[in-house]
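Shown next, in structure tokens, is the structure this report addresses.
In what follows, every chain begins at residue 1, and chains take the letters A, B, ... in the order their sequences are listed. Basis for what follows: all heavy atoms, side chains included, without hydrogens, waters or symmetry-related copies.
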2 protein chains.
Amino acid sequence: MAAPHKTVPKPEPGEERLEFLADLVGYHLRRASIRDMQGMSAALESLSLRAVPLSVLLMIVENPGISAADICRAIGLKRANIVSILAELEQRGLFLREADPNDNRVQKLFPTRTGKELTAEALERLKDHEDHLLCALSGSERAELRRLLMKVWQGDEGD
Amino acid sequence: MAAPHKTVPKPEPGEERLEFLADLVGYHLRRASIRDMQGMSAALESLSLRAVPLSVLLMIVENPGISAADICRAIGLKRANIVSILAELEQRGLFLREADPNDNRVQKLFPTRTGKELTAEALERLKDHEDHLLCALSGSERAELRRLLMKVWQGDEGD
DNA sequence: TATTGTTATACTCTATAACTATA
DNA sequence: TATAGTTATAGAGTATAACAATA
């Protein structure tokens with residue numbers, strides 16, 4: 001079933017054949033996601049925040065009193081890997097830990113004012129980044145893209 | 001502009017608030033891409049191929065005689081990082097190196113029959129994986145998704 | 001026994017700097 | 001000088017195993 005690959009007549013530089021990959025939606029999904037992540041990194045760089053620490057901080061801001069284990073479950077982090085992330089966010093004064101009166105194993109995490117302000121600033125920059133990322137798309141195209149992407153990643157719910 | 005975050009009335013486990021992230025197309029782009037990559041890894045696992053080595057091999061199969069540097073430019077790899085990938089593919093007998101008579105610095109890379117057969121098998125599995133990934137989408141929705149994703153990652157061409 | 005927070009560790013992927021040989 | 005292939009190395013990100021305290 002192997003397609004017969006005849007010798008290629010020397011493509012111009014930068015014009016290599018990519019037939020199969022270009023056919024796959026997954027290929028374009030990956031390239032778009034890479035561009036998104038690079039833009040996110042650039043947008044957050046001057047705030048000394050990367051994507052995962054920001055999502056941790058955002059979880060604390062949107063869910064005051066949440067525990068580290070719950071954050072890990074919500075965003076798919078291993079418990080071991082959130083420790084250093086929390087240590088740095090705490091050292092920067094972005095949240096506080098408080099003992100849970102109902103369960104002495106858990107620490108309840110609360111954002112500080114500084115943490116909430118930094119989060120708000122970061123989210124503004126993410127919005128600007130997204131506007132730039134999607135500048136070639138109309139408003140209805142953006143909505144359609146989001147709708148289709150949700151169907152893609154939620155497709156494993158019925159598995 | 002910081003949205004006032006009132007204390008949350010204790011969400012059920014697994015129901016943490018994710019308002020802002022869920023609004024971003026980039027969030028759904030990332031989750032869809034993660035599901036795609038996990039499915040790809042699973043689909044290729046029994047062939048002992050991962051995504052990047054496969055794309056390198058595919059470049060050789062589709063562009064016989066291509067150089068390592070040209071592969072790197074085409075798929076965004078650093079030259080240093082293709083060395084071990086090529087070493088393993090070569091050890092498995094999937095391609096051969098040949099001196100370039102026009103430039104003694106470059107090695108021209110040619111797929112072996114085994115390399116072409118393994119690539120064909122891998123591409124079949126990728127196709128099956130993609131069908132599963134997109135099973136919630138109609139044919140026209142898949143075409144529309146690909147079109148929109150191309151506009152997203154190609155949006156940096158005019159920068 | 002199960003869970004929380006934690007340490008230690010390892011593996012993958014990616015990034016940079018420097019070398020050599022050729023052009 | 002610029003490029004091809006290479007080596008060494010460092011940094012993220014992510015993975016598992018094990019521990020003490022608590023439920």
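- Along DNA chain C, the nucleotide nearest to Q38(A) and the one nearest to V106(A) differ in position, and the one closer to the 5' end is contacted by V106(A).
- Note: CZ (R79(A)) to P (dA18(D)) measures 14 Å, nearest angstrom.
- There is a side-chain donor-acceptor pair under 3.5 Å between R125(A) and S46(A).
- For the pair K108(B) and R50(A), nearest-nucleotide mapping onto DNA chain D gives the more 5' position to K108(B).
- Across I66(A), D100(A), D70(A), a single residue satisfies side chain to side chain contact (heavy atoms under 4.5 Å, CB included) together with V106(A), and that is D100(A).
- Rounded to a whole Å, the CD1 atom of I34(B) is 15 Å from the P atom of dC13(C).
- Residue contacts shown for N81(B) include a base, since a base heavy atom lies under 4.0 Å away.
- Below 30°, between 30° and 60°, or above 60°: for W153(A) and H28(B) the angle between ring planes is below 30°, a parallel geometry.
- Contact annotation: N104(B) does not reach the phosphate of dA4(D) (side-chain N/O to OP1 or OP2, under 4.0 Å).
- Computed from coordinates, the I66(A) CD1 to dG5(C) C1' distance equals 15 Å when rounded to whole Å.
- Straight-line distance from the CD atom of E45(A) to the P atom of dA15(C): 13 Å, rounded to whole Å.
- Nucleotide dA10(D) holds its P atom 19 Å from the NZ atom of K78(B), rounded to whole Å.
- For R146(A) against D23(B), the heavy-atom pair with the smallest separation is NH1-O, 2.5 Å.
- Of the two residues near DNA chain D, L77(A) and A80(B), the one whose nearest nucleotide lies more 5' is A80(B).
- Between the P atom of dT4(C) and the CZ atom of R105(A) lies a distance of 6 Å, rounded to the nearest Å.
- Which of dG5(C), dG5(D), dT14(D) sits closest to the side chain of S67(B) comes down to dG5(D).
- Between the side chain of S67(B) and the backbone N or O of K108(B), no donor-acceptor pair lies under 3.5 Å.
- Atom-to-atom, CG of L109(A) to P of dT4(C) comes out at 13 Å; the value is rounded to the nearest Å.
- The distance from atom CG of L86(A) to atom P of dT6(C) is 7 Å, rounded to the nearest whole Å.
- For dT6(D), one of the phosphate oxygens OP1 or OP2 lies less than 4.0 angstrom from a side-chain nitrogen or oxygen of R97(B).
- Of the candidates dT14(C), dG5(C), dT6(D), dT14(C) carries the atom nearest the V52(B) side chain, counting heavy atoms from C-beta on.
- At the phosphate of dA4(D), OP1 or OP2 sits under 4.0 Å from a side-chain N or O atom of R73(B).
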